[in-house]
Amino acid sequence: MNPSYTPWPEDTATEYRERGYWAGQGFWELLTERADDHGERPAIVTDAETVTYRALTDRAAACAAGLHARGLRPGDRVVVQAANDADYPVLLFALFRLGAVPVCALPAHREAEIGYFCSHAEAAAYIRPGGPDHDRVDAAVASEVPLRLTVAEAVALKGDGSALPEPPRSDALALLQLSGGSTGVPKLIPRTYDDYHYSVRIAAEVCELGSSTVYLCALPVAHNFPLSSPGLLGVLYAGGTVVMAPDPSPDTAFRLIREHDVTMTAVVPALALLWLKSAEARRVELPSLDVLQVGGARLGAEDAARVAPLLGARLQQVFGMAEGLVCYTRFDDPQETVFETQGRPASDSDEVLVVDDADRPVPDGQDGHLLTRGPYTIRGYYRADDHNTRAFTTDGYYRTGDIVRRHPTGHLTVTGRAKDQINRAGEKIAAAEIEDHLRGHPSIHDAALVAVPDPALGERSAAFCVTDGALTAKGVRAYLRGRGLAAYKIPDLVRFVESLPRTPVGKIDKLQLKASLES
Ligand code: AMP
Ligand code: DBH
């Protein structure tokens, strides 16, 4: 029994192994297997270099030995913050080799988040980019974290490989992912090799990856989506090539897609809209691009329909969570399903319940809370006993906080979020629904709806709109009414902003929007 997190019950774990979901392989063995099979193929490509499978393995092994010589041991937690470049996979696989456990921080995190990760995980090391911002973070955690290095320093380390212990067992912790949770501090998500490997494998299968896949990593690579759905790990599993984008702007992304004949990439909806806008203005040709994955937040059906005509790529909607479950639309789904749903679970072994407030199942087609469990969905957050009793049912289902509608095919449409709902005098408004309508306006590029405390109603709604036109609040309300919406769903407040604030991974930061109304 590991005291840091709740493992799967023993009989369930046995079943997952017997059924082959848990294959008993770690990521280090996976990489060395690939290097043995096709060592000279490009694994990672950046503007500066091409790293073959063999070179990636060799560099990671050297780095592992160097980190070991500096005192890192199997099981040690290491908070890692890195840019999208070749050093990140070197470091990641070095930690996998050593059995040290990366905490997947994002480059945008600063003192508050990093300080929290370091103390909560009792990190043995903090590895981070160079530069004044991260120097400051480093200084802030210096008294608490014994080993602190820049990424460049870490990957340059060398040591005696023969001193390294055996690679970790597959039931060990592979990494700690972060939960984006809309309130409070992020939770740490304990993922084992067995379960993460399965989620990567099943993702590679669903996305039909192969050795000819060239994947552009445009989102911050440590995030669960570009890391594992199928992302970096899925593409390496399939023997393909990962091109690292230093930034996700249309200029950089389109250039890299053309230069390296990229076949697939993944973005959040806000980025998709930016790319679509740019593609529309410039009529870009991206002949190699076959699949655009969009996930992390709800993509409106009207925007979904613009992807193929403007980018020449097939759209795949991805609805996932770092806690586990990931849903994908399939390439043979009818168009309507690809536009209107966020996909269906990657694996037949994913158990999904859609329930009412009392945890009673609701029929297909009705909104309900999404609960899930399965071979790659955690049974508890890391060191969070108290929160776990709320976030998980007694029989091990994770309460996603998402409101979904299930179709008879098993596809899910995300219609809202339990925490992201406005309760206006008892009448509920799903923010995603109104946002989709707002984004359907030709002059509104992005929109967010948040709750504002109201003495009479309890809450009222405020809409933040990013527009390029001369819109008025009255006009927006009239437009929404024109879409046939109930009166209580028409925003009480309408604000026009140049852009919506984003969390490090690009989701709309609703807390900041709410705060902007109070100041
Ligand atoms: P996190 O806990 O940070 O991994 O965030 C996962 C959450 O992001 C999910 O529970 C959803 O609320 C949201 N999410 C991810 N993908 C989508 C999507 N395609 N559509 C709507 N919401 C999404
Ligand atoms: O938002 C997410 O966390 C997410 C989205 C798509 C995710 O974790 C994933 C795919 O794996």
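Being a predicted model, the structure only gives us computed values, none of them experimental. When a ligand or atom number is given, it counts from 1 through the structure's own listing order.
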When only distance counts, is [X] in polar contact with ligand 1, meaning an N/O pair under 3.5 Å?
X: Ala322; result: yes
X: Gly296; result: yes
X: Val318; result: yes
X: His223; result: no

* Is His223 in contact with ligand 2, taking contact as a heavy-atom separation below 4.0 Å? -> yes
* Give a yes/no on ligand 2: does Lys507 have at least one heavy atom closer than 4.0 angstrom to it? => yes
* Structure fact -> Restricting to heavy atoms, the pick from Gly295, Ala432, Gly320 nearest atom 15 (C) of ligand 1 would be Gly320
* Would Gln342 count as a contact of ligand 1 if the rule is a heavy atom under 4.0 Å away? -> yes
* Hey, does Asp402 sit under 4.0 Å from ligand 1 if you only count heavy atoms? -> yes
Within ligand 2, which atoms have a heavy atom of [X] less than 4.0 Å away?
X: Gly320; value: 1 (O), 2 (C), 3 (O), 4 (C), 5 (C), 6 (C), 7 (C), 8 (O), 9 (C), 10 (C)
X: Val318; value: 6 (C), 10 (C)
X: Ala322; value: 3 (O), 8 (O)
X: Gly296; value: 1 (O), 5 (C)
X: Val326; value: 11 (O)

Taking heavy atoms and a distance under 4.0 Å, where does [X] meet ligand 1: side chain, backbone, both or neither?
X: Gln177; answer: neither
X: Lys507; answer: side chain
X: Val505; answer: neither
X: Met321; answer: both

* **Protein contact of atom 11 (O) of ligand 2 - nearest heavy atom, named by residue and atom, plus distance** => Ser229 OG, 2.6 Å
Would you mind listing which atoms of ligand 1 come within a distance below 4.0 Å of any non-hydrogen atom of [X]?
X: Val414; result: 21 (C)
X: Glu323; result: 2 (O), 4 (O)
X: Ser179; result: 2 (O), 3 (O)

Looking at [Y] and [X], is there a salt bridge between them, counting it only when a charged N and a carboxylate O are closer than 4.0 Å?
X: Asp509; Y: Lys514; answer: no
X: Lys510; Y: Glu435; answer: yes
X: Glu323; Y: Arg191; answer: no
X: Arg502; Y: Asp446; answer: yes

* Under 3.5 Å: N/O of Asn224 near N/O of ligand 2 -> yes
* Find out whether the Lys NZ or Arg CZ of Arg314 is both under 6.0 angstrom from the six-membered ring centre of Phe331 and within 45° of the ring's axis. => yes
* **Derivation of the salt bridge (Lys or Arg N to Asp or Glu O under 4.0 Å) call for Glu205 and Arg330** => CA-CA 11 Å; Glu205 192 179 303; Arg330 304 303 203 267; over 6 Å; no
* To do: Take Thr415 and Thr413 through the side-chain hydrogen bond (donor to acceptor under 3.5 Å, both in side chains) test and state the conclusion after the steps.
  => CA-CA 6 Å; Thr415 53; Thr413 297; over 6 Å; no
* Asked: What orientation do Phe225 and His223 show, parallel under 30°, tilted 30 to 60°, or perpendicular over 60°?
  -> perpendicular
* What about the rings of Trp22 and Tyr193, do their centers lie closer together than 6.0 Å? -> no
* Give the intermediate values and the outcome of salt bridge (Lys or Arg N to Asp or Glu O under 4.0 Å) for residues Arg298 and Glu433. => CA-CA 10 Å; Arg298 171 79 189 274; Glu433 183 191 356; over 6 Å; no
* Identify the residue among Asp356, Asp357, Thr400 that makes a side-chain hydrogen bond (donor to acceptor under 3.5 Å, both in side chains) with His369. => Asp357
* Say whether His134 and Arg128, considering side chains only, have a donor N or O and an acceptor N or O under 3.5 Å apart. => no
* To do: Measure the spacing between CD of Gln366 and CZ of Arg406 and express it to the nearest 0.5 Å.
  => 12.0 Å
* Apply the test side-chain hydrogen bond (donor to acceptor under 3.5 Å, both in side chains) to residues Tyr398 and Tyr381: give CA-CA distance (whole Å), side-chain angles for both, the deciding distance (0.1 Å), then the verdict. => CA-CA 10 Å; Tyr398 167 55; Tyr381 291 99; 3.3 Å; yes
